[in-house]
Amino acid sequence: MMTSTSDIEKAAGLLRAGGLVALPTETVYGLGANAEDPAAVSRIFQVKGRPPSHPLIVHIGGAQHLDDWVQDVPATARLLAEHFWPGPLTLVLRRGRRVPLEATGGLETVAVRVPDHPVALALLSAFGGGVTAPSANRFGSVSPTTADHVRAELGDAVDFVLDGGPCGVGVESTIVDVTGETPAILRPGGVTREDLEAVLGHPVEVPSTSHVRVPGQHPSHYAPSARVVLVEPEKVAVEARLAQEQGHRVGVLLPPSLADTPVKAHAVVDVPASLADYARELYGFLRELDRQGCDLIVASLPAEEGLGLAIANRLRRAAGPRLTA
């Protein structure tokens, strides 16, 4: 970690002046702006190339600040905040007056979370307000999990980059809608469905569609330059060989079940057996296969339990509408 107190103060000053600051969180690096400054928030959309209807997440310094940014907070939301904040959980609630519509994509709901990273929390404390911070990358591309990823992709479009080291979780936060009668996961992420169910004491649904727009719902998202093709685990080696013979520079995310299987491909990444390790490294793997010049990546989905649900969600979005070979 390379961030100093003077770096934090500089970043807070830039936010007050309407600047953009890339900041580390436990999930991915965010592109931050003063959540109450419509012009600064609009600049996030311009830098990312993000559709203005695509809502942002407001990061706050602690659960005690929740009522400053939202209204009509149900008991369920307070229970989840008590158990999972700071942490990779985002709650969708009714927008408070401090949140401009530019940050919500014009919606009367807003997504809010408390990040679990010392640099992010120090910045929020020094700044004294809320920070809108989507992932610090071009819209739809692979999210950054190191400061170098941010610099390589956004360059001088960011006023300052706070380096907090590699992100510990590696996939974005879980987004839970708590505006209805029962909570629903709108985006799987760093807090698992099983974790939520243990606290709430009842099943939590993951609907395929929702009337509430939130980050990460675009049909193609988290995508490398290479095309991603998803197949059943036992078909990974065969699909890679066929694609290689057709002239593709093939990258492979090799599942643990095939760890000893020879694979004909330009580049092979052995997927960790631990889902936590896989989630932490997923975006780095995709970036590395791009760096090695692959134009097609063959992968399979993990079992959709625990963090496997978030990993599968990211791989499906990376593959886009064309999911399978």
Side-chain angles (χ1 to χ4, degrees), residues 1-50 52 54-70 85-86 88 90-91 95-105 110-139 143-151 153-165 167 172-173 215:
M1 191 178 300
M2 302 173 63
T3 296
S4 65
T5 301
S6 61
D7 288 334
I8 296 292
E9 293 298 333
K10 177 180 178 179
L14 285 167
L15 290 174
R16 295 187 194 102
L20 298 186
V21 173
L23 64 148
T25 75
E26 77 280 24
T27 57
V28 300
Y29 273 71
L31 181 60
N34 179 354
E36 296 179 83
D37 184 340
V41 171
S42 295
R43 191 175 159 209
I44 287 178
F45 290 92
Q46 295 165 5
V47 168
K48 284 179 63 71
R50 183 185 180 102
H54 210 61
L56 304 177
I57 294 173
V58 176
H59 294 67
I60 60 176
Q64 70 271 22
H65 303 302
L66 183 60
D67 292 288
D68 296 338
W69 298 93
V70 302
W85 282 0
T90 294
L91 299 177
R95 178 180 71 95
R97 284 183 288 180
R98 290 181 70 175
V99 183
L101 288 172
E102 285 83 355
T104 68
V110 62
V112 183
R113 88 175 185 101
V114 180
D116 188 14
H117 193 290
V119 173
L121 291 172
L123 175 62
L124 287 163
S125 177
F127 174 56
V131 174
T132 51
S135 56
N137 56 285
R138 303 294 179 189
F139 180 70
S143 301
T145 53
T146 70
D148 285 342
H149 292 164
V150 179
R151 297 185 184 104
E153 186 156 352
L154 297 183
D156 294 339
V158 182
D159 297 312
F160 193 56
V161 178
L162 287 171
D163 190 342
C167 298
E172 291 81 358
S173 61

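Not measured: the values here are computed from a predicted model. The analysis underlying the following values was restricted to heavy atoms, covering all of them including side chains, and did not include hydrogens, waters or symmetry mates.
Summarising the geometry of Val158 relative to Leu20, their closest heavy-atom pair is CG1-O, 3.7 Å, with the distance given to 0.1 Å. Nearest heavy atoms, Val58 versus Val99: CG2-CG1, 4.4 Å. Pairing each heavy atom of Gly18 with each of Ala40, the nearest pair is O-CB, 3.7 Å. For the pair Trp85 and Val112, the tightest heavy-atom approach, listed with the atom from each and the gap, is CZ2-O, 3.3 Å. Between Pro86 and Leu121, the shortest heavy-atom distance links the atoms CG-CD1, 4.4 Å. In this structure, Ile44 and Gly32 approach most closely via the heavy-atom pair CD1-C, 4.3 Å.
For the atom pair OG1 of Thr25 and CD1 of Ile57, the computed distance is 9.0 Å after rounding to the nearest 0.5 Å. Here the CG-CZ distance, from Leu23 to Phe160, works out to 11.5 Å after rounding to the nearest 0.5 Å. The CG atom of Leu66 lies 7.0 Å from the CG atom of Leu91; values are rounded to the nearest 0.5 Å.
Take Arg98 and apply the salt bridge (charged side-chain N to carboxylate O under 4.0 Å, His left out) test, not counting sequence neighbours, and it matches Glu36. Scored by the side-chain hydrogen bond (donor to acceptor under 3.5 Å, both in side chains) test, Thr90 finds Ser173 as partners (sequence neighbours excluded). Judged as a salt bridge (charged side-chain N to carboxylate O under 4.0 Å, His left out), and not counting sequence neighbours, the contacts of Arg151 are Asp148. Every residue meeting the side-chain hydrogen bond (donor to acceptor under 3.5 Å, both in side chains) condition with Asp159, not counting sequence neighbours, appears here in chain and number order: Arg43. The side-chain hydrogen bond (donor to acceptor under 3.5 Å, both in side chains) search around Asn137 returns Ser135, Ser141, not counting sequence neighbours. Evaluation of the side chain to side chain contact (heavy atoms under 4.5 Å, CB included) rule for Pro38 yields Pro100, Glu102 as partners, not counting sequence neighbours. With sequence neighbours excluded, the residues forming a side-chain hydrogen bond (donor to acceptor under 3.5 Å, both in side chains) with Ser6 are Ser4, listed by chain and number. Under the salt bridge (charged side-chain N to carboxylate O under 4.0 Å, His left out) criterion, Asp68 pairs with no residue, sequence neighbours left out.
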- Item | Steps toward side chain to side chain contact (heavy atoms under 4.5 Å, CB included) verdict (Val47, Arg138) | CA-CA 7 Å; Val47 168; Arg138 303 294 179 189; 4.2 Å; yes

- Item | side chain to side chain contact (heavy atoms under 4.5 Å, CB included) assessment of Leu31 paired with Val150 | CA-CA 9 Å; Leu31 181 60; Val150 179; over 6 Å; no

- Message: Go through it in stages, so that I can follow the logic: the residues are Arg95 and Leu101, the test is side chain to side chain contact (heavy atoms under 4.5 Å, CB included), and I'd like the CA-CA distance, side-chain angles, deciding distance and then a yes or no.
- Response: CA-CA 9 Å; Arg95 178 180 71 95; Leu101 288 172; 3.5 Å; yes

- Task: Output, in order, the C-alpha distance, side-chain angles, deciding distance and verdict of side chain to side chain contact (heavy atoms under 4.5 Å, CB included) for Trp69 and Ile60.
- Result: CA-CA 9 Å; Trp69 298 93; Ile60 60 176; 3.5 Å; yes

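In this structure a side-chain-to-backbone donor-acceptor pair under 3.5 Å is missing from Arg97 to Val70. Judged by distance alone, the side chain of Tyr29 and the main-chain N or O of Cys167 form no donor-acceptor pair under 3.5 Å. The backbone N or O of Asp163 lies less than 3.5 Å from a partner atom in the side chain of Thr3, making a donor-acceptor pair.
Glu153 has its side chain out of reach of Pro144: every pair of non-hydrogen atoms, C-beta onward, lies at least 4.5 Å apart. Contact check for Pro55 versus Val110: no side-chain heavy atoms found under the 4.5 Å cut-off.
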What donor-acceptor contacts under 3.5 angstrom involve side-chain atoms of residues 122-132, with partners at least two apart or in another chain?
| unit_1 | atom_1 | unit_2 | atom_2 | d |
| --- | --- | --- | --- | --- |
| Thr132 | OG1 | Ala33 | O | 3.3 |

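Judged as a salt bridge (Lys or Arg N to Asp or Glu O under 4.0 Å), not a single pair has a partner in residues 9-25 (not counting sequence neighbours). Applying the salt bridge (Lys or Arg N to Asp or Glu O under 4.0 Å) test to every pair with at least one member in residues 115-128, sequence neighbours left out, gives no pairs at all. Sequence neighbours left out, the pairs with a member in residues 19-35 that pass salt bridge (Lys or Arg N to Asp or Glu O under 4.0 Å) are Glu26-Arg113.
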